[in-house]
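What follows is a set of notes on a single structure, which appears directly below.
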Amino acid sequence: MSALPLFEREVAVHPENANVLPALAVCYQKVGNVDDFDLMIQRMSRLAGDNAYIEVCCDGLLRNETKALEKLKIFMLKEKMTQAFICRDPIFHFIFDASSLQDVVADSSIA
């Protein structure tokens, strides 16, 4: 079974749960649904300023990886995200490679 219908249903039933939007965007990207991917990115972009997670995911999905990882490091230092969350979030692992996430966590630990 595909995750796509489950995420679509979650967004339909709980539109206030913005944190599911990156998962839906990843699904659309993986199946090549460019139109719905673009719509998800637009929706996420409107929410990015109020939600650190959405902001990082949006930049990462738009292939602004350096910018996204720098924001991720800043959000972690400001305690808007924990190391454990960054390491365990499955959507981050679809957007970024594991070594990039490990580097962010390691750099932030030193600071």
Side-chain angles (χ1 to χ4, degrees):
M1 176 181 217
S2 170
L4 182 58
L6 299 174
F7 289 127
E8 288 176 328
R9 188 172 68 223
E10 175 64 21
V11 169
V13 173
H14 300 286
E16 73 284 355
N17 183 3
N19 289 338
V20 76
L21 299 179
L24 189 52
V26 165
C27 287
Y28 287 141
Q29 186 180 52
K30 294 286 183 191
V31 299
N33 186 336
V34 177
D35 293 337
D36 284 335
F37 173 79
D38 288 343
L39 289 172
M40 256 330 96
I41 292 296
Q42 290 172 17
R43 190 168 172 185
M44 289 168 55
S45 293
R46 288 191 297 272
L47 301 170
D50 298 328
N51 186 315
Y53 178 69
I54 297 290
E55 191 170 337
V56 170
C57 289
C58 194
D59 284 338
L61 286 164
L62 290 172
R63 303 288 183 233
N64 297 328
E65 186 169 324
T66 302
K67 182 179 178 182
L69 292 170
E70 189 59 37
K71 285 181 181 181
L72 190 57
K73 190 182 310 182
I74 290 167
F75 291 142
M76 195 171 95
L77 291 170
K78 290 182 175 183
E79 299 181 356
K80 291 187 177 190
M81 288 185 209
T82 65
Q83 287 180 345
F85 177 81
I86 291 167
C87 292
R88 293 181 184 148
D89 181 65
I91 300 306
F92 281 161
H93 287 276
F94 277 106
I95 298 172
F96 308 106
D97 62 77
S99 64
S100 295
L101 293 174
Q102 290 170 352
D103 290 346
V104 166
V105 170
D107 286 350
S108 298
S109 298
I110 295 169

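By convention here, the first residue in the shown sequence is residue 1. Not measured: the values here are computed from a predicted model.
E65 approaches D97 most closely through the heavy-atom pair OE2-OD2, 4.0 Å. Taking each heavy atom of I54 and A18 in turn, the nearest pair found is CD1-O, 3.1 Å. Minimum heavy-atom separation, L21 to M40: CD2-SD, 3.6 Å. The two residues A25 and F37 come nearest to each other via the heavy atoms O-CD1, 3.3 Å. Taking each heavy atom of P15 and R43 in turn, the nearest pair found is O-NH2, 3.6 Å. The nearest pair of heavy atoms linking E55 to A48 is OE1-O, 3.0 Å.
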Distance-only donor-acceptor hits, side chain of residues 56-64, under 3.5 Å, sequence neighbours excluded:
residue	atom	partner	partner atom	Å
D59	OD2	K71	NZ	2.7

Notebook entry, point to check: Would T66 and E70 count as a side-chain contact (heavy atoms from CB on, under 4.5 Å) if you check the C-alpha gap in whole Å, the side-chain angles of each, and the deciding distance to 0.1 Å?
Noted result: CA-CA 6 Å; T66 302; E70 189 59 37; 5.6 Å; no
Margin query: Does M81 form a side-chain contact (heavy atoms from CB on, under 4.5 Å) with F92? I'd like the steps, not just the answer.
Written below: CA-CA 12 Å; M81 288 185 209; F92 281 161; 4.0 Å; yes
Note to self: Go through it in stages, so that I can follow the logic: the residues are F94 and Q29, the test is side-chain contact (heavy atoms from CB on, under 4.5 Å), and I'd like the CA-CA distance, side-chain angles, deciding distance and then a yes or no.
What the structure shows: CA-CA 11 Å; F94 277 106; Q29 186 180 52; over 6 Å; no
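Expressed to the nearest 0.5 Å, how far NZ of K73 lies from NZ of K78 amounts to 14.0 Å. To the nearest 0.5 angstrom, D36 atom CG is 4.5 Å from Y28 atom OH. To the nearest 0.5 Å, atom CD1 of residue I91 and atom CG of residue N19 are 10.5 Å apart. Note that the CG atom of L24 and the CG atom of L39 stand 10.0 Å from one another [nearest 0.5 Å]. Note that CD1 of I86 and CG of L72 are 4.0 Å apart. Values are rounded to the nearest 0.5 Å. Separating the CG atom in N33 from the CG atom in L4 is a distance of 7.5 Å, to the nearest 0.5 Å.
In this structure the side chain of R9 reaches within 4.5 angstrom of the side chain of L6, judged on heavy atoms.
Note on ring orientation: taking the six-membered ring where Trp is involved, the planes of Y53 and F85 are perpendicular (angle over 60°, cut-offs 30° and 60°).
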